[in-house]
Protein chains: 2
Amino acid sequence: MSDRFAPTGRPHQRPTASPDRRARRRAAKRARIVAEAWSLARRDGLAGISLRDLADRVDLQQPSLYAYFESKLDLYGSMFEDGQRQLLERCLAREPLADARDELVAIVEDLVRFSSEDVVRHQLLFQRTIPGFEPSDAAMEPARRFLELMTDRLRAAGVEGQSEVDLFSAIVAGLAHQQVANDPGGDRWVVLARRVVETLFTDADRPPPNRPDIERPTTQGAPQ
Amino acid sequence: MSDRFAPTGRPHQRPTASPDRRARRRAAKRARIVAEAWSLARRDGLAGISLRDLADRVDLQQPSLYAYFESKLDLYGSMFEDGQRQLLERCLAREPLADARDELVAIVEDLVRFSSEDVVRHQLLFQRTIPGFEPSDAAMEPARRFLELMTDRLRAAGVEGQSEVDLFSAIVAGLAHQQVANDPGGDRWVVLARRVVETLFTDADRPPPNRPDIERPTTQGAPQ
DNA sequence: GTCTATATTCGGATAGAC
DNA sequence: GTCTATCCGAATATAGAC
């Protein structure tokens with residue numbers, strides 16, 4: 001028997017942590033769990049996350065995760081909200097550009113880059129691959145705010161009407177998807193994204209911007 | 001004891017099935033298994049296919065499936081090839097249109113419709129959802145042929161160069177993806193697909209086709 | 001080729017003490 | 001909130017008889 005547990009004079013009773021301090025610790029741990037879940041998802045696939053592995057990474061036993069999440073689907077819900085918030089914050093962090101069209105291009109670039117950085121994040125946010133997973137209303141909140149932001153920028157650039165907005169979303173989603181599939185981490189599709197915005201979704205009367213680094217589409221004998 | 005097994009005069013020995021007859025029966029069973037696998041995937045999700053359930057549906061015991069497929073990933077491989085072949089055959093079945101642009105539009109419509117008809121098929125063919133699954137070279141063969149066909153049609157319509165072809169693929173994929181997500185089975189995005197082809201990927205000198213049912217894009221105050 | 005029986009592993013989730 | 005212990009079910013895959 002060692003004396004490691006011998007009485008020391010200091011009583012057992014820790015100074016009771018204030019309720020909000022406890023809440024902050026809890027929130028921090030939740031955040032850490034979600035972050036490790038992303039990391040695991042990148043390794044094993046989104047559906048391949050194991051709660052045992054996850055618990056290991058955050059120094060918990062597997063059942064203890066249930067103190068933070070009601071179920072595995074609930075964990076996906078938190079990851080979804082986290083991912084949507086990352087996207088929203090990235091767009092808000094940038095200094096908005098004065099010119100409406102430039103700003104629209106910038107936001108599309110943000111989105112395409114965002115998607116290409118992390119394939120599984122893209123999958124959870126924009127593809128429905130987890131059977132039974134449906135984001136809760138709360139988890140959808142940052143997604144709604146992003147959509148709102150996008151709609152505003154489109155309107156400012158002269159794109160209005162549901163049909164136009166839908167078409168725009170579809171094309172941007174396609175670019176993001178291709179970027180993810182073909183050139184993750186690359187810049188190639190970002191350039192194409194800009195071209196699409198400039199050709200298809202801006203006022204035809206407006207003179208084309210003078211950007212020598214971007215080819216104008218010709219549809220005839222395009223180089224390379 | 002019934003007399004169901006009483007000797008009948010006809011000897012046990014069945015006329016030995018010819019080797020190719022046996023091969024045909026085997027191929028037919030494989031096809032049936034794949035078909036039921038699609039059906040199960042639609043119900044439970046692509047990753048949710050259970051070999052037990054699948055075996056039930058084709059009147060086999062679960063281990064017997066291993067007489068037809070080496071593993072579950074191998075089954076996904078067969079499904080992938082099957083799906084790609086369906087797409088290819090649909091495009092080849094149609095009478096090709098004389099006008100190159102019309103033909104290009106038609107093939108895009110084929111693809112978007114194809115994707116929207118079956119979400120999980122779209123997922124297996126065009127999204128990478130199953131961890132560890134990579135289509136074999138053999139399974140990729142119909143996919144290669146489809147790409148070839150598409151490249152031909154694009155060239156005929158005056159779209160050339162890797163950059164143009166990539167952009168086209170991205171946009172079509174985006175349309176397909178949106179159709180799947182927002183309006184499965186509907187025709188809405190097929191219409192938009194046509195519009196994209198006509199705006200972005202055809203010779204600007206060519207007069208626009210006279211199709212009163214399709215709005216020309218205005219980017220200003222589009223209705224609805 | 002099909003079966004029965006079983007190996008093996010792993011999954012998510014719960015009970016209850018502390 | 002965290003632990004230990006455990007439940008229960010399901011999964012893919014293999015062995016070996018017929």
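All chains are named by letter (A, B, ...) in the order of the sequence lines, taking the proteins before the strands, and each is independently numbered beginning at 1. Everything numeric in this text was worked out from a predicted model, so none of it was measured.
In this structure, the CG atom of B/Leu51 is 12 Å from the C1' atom of D/dA10, given to the nearest Å. Residue A/Leu73 contributes atom CG, which lies 13 Å from atom C1' of C/dA13 at whole-angstrom precision. Taking atom NZ of residue A/Lys72 and atom P of nucleotide C/dA13, one finds them 8 Å apart after rounding to whole Å. Distance B/Asp56 CG to D/dT12 P: 12 Å, rounded to the nearest Å. Following rounding to the nearest Å, A/Phe133 (CZ) and C/dG12 (P) show an atom-to-atom distance of 16 Å. Computed from coordinates, the B/Leu65 CG to D/dT12 P distance equals 10 Å when rounded to whole Å. Straight-line distance from the OH atom of B/Tyr66 to the P atom of D/dG16: 18 Å, rounded to whole Å. The CD1 atom of B/Ile130 sits 15 Å away from the C1' atom of D/dT12 (whole-angstrom rounding).
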Distances under 3.5 Å between nitrogen or oxygen atoms of protein and nucleotides 3-9 of chain C:
from, atom 1, to, atom 2, distance (Å)
C/dC3, OP2, B/Gln61, N, 2.9
C/dC3, OP2, B/Ser64, OG, 2.7

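DNA chain D lies under 4.0 Å from at least one heavy atom of each of the following residues of residues 23-48 of chain A: A/Arg26.
When each of C/dG12, C/dG1, D/dA11 is scored by its nearest atom to the side-chain atoms of B/Ala67, the top-ranked nucleotide is C/dG1.
Without hydrogens or angle criteria, B/Tyr76 side chain to B/Leu46 main chain gives a donor-acceptor distance under 3.5 Å.
Note that CZ of B/Arg121 and OG of B/Ser115 are 7.5 Å apart. Values are rounded to the nearest 0.5 Å.
Distances shown here put a side-chain N or O of A/Tyr68 below 4.0 Å from the OP1 or OP2 atom of D/dT2.
No more than 12 heavy atoms of other residues, nucleotides or ligands lie within 6.0 Å of CZ in A/Arg145, so this atom counts as exposed by the packing criterion.
A salt bridge is defined here as a Lys NZ or Arg NE, NH1 or NH2 lying under 4.0 Å from an Asp or Glu carboxylate O, and B/Asp59 with B/Arg32 meets this definition. Between A/Arg85 and A/Glu81 there is a salt bridge, since a side-chain N of the basic residue sits under 4.0 Å from a carboxylate O of the acidic one. With salt bridges taken as basic N to acidic carboxylate O contacts below 4.0 Å, one links A/Asp152 and A/Arg155. Salt-bridge formation is not detected for the pair B/Arg144/B/Glu148: no Lys NZ or Arg NE/NH1/NH2 atom is positioned less than 4.0 Å from an Asp or Glu carboxylate oxygen.
Using a 4.0 Å heavy-atom distance criterion, A/Ile49 is classed as a sugar-phosphate-only contact.
Side-chain atoms of B/Trp38 and B/Asp118 include no donor-acceptor pair closer than 3.5 Å.
For the side chain to side chain donor-acceptor pair (under 3.5 Å) test, residues two or more places apart in sequence or in another chain that qualify with B/Glu103 are B/Arg94, B/Arg153.
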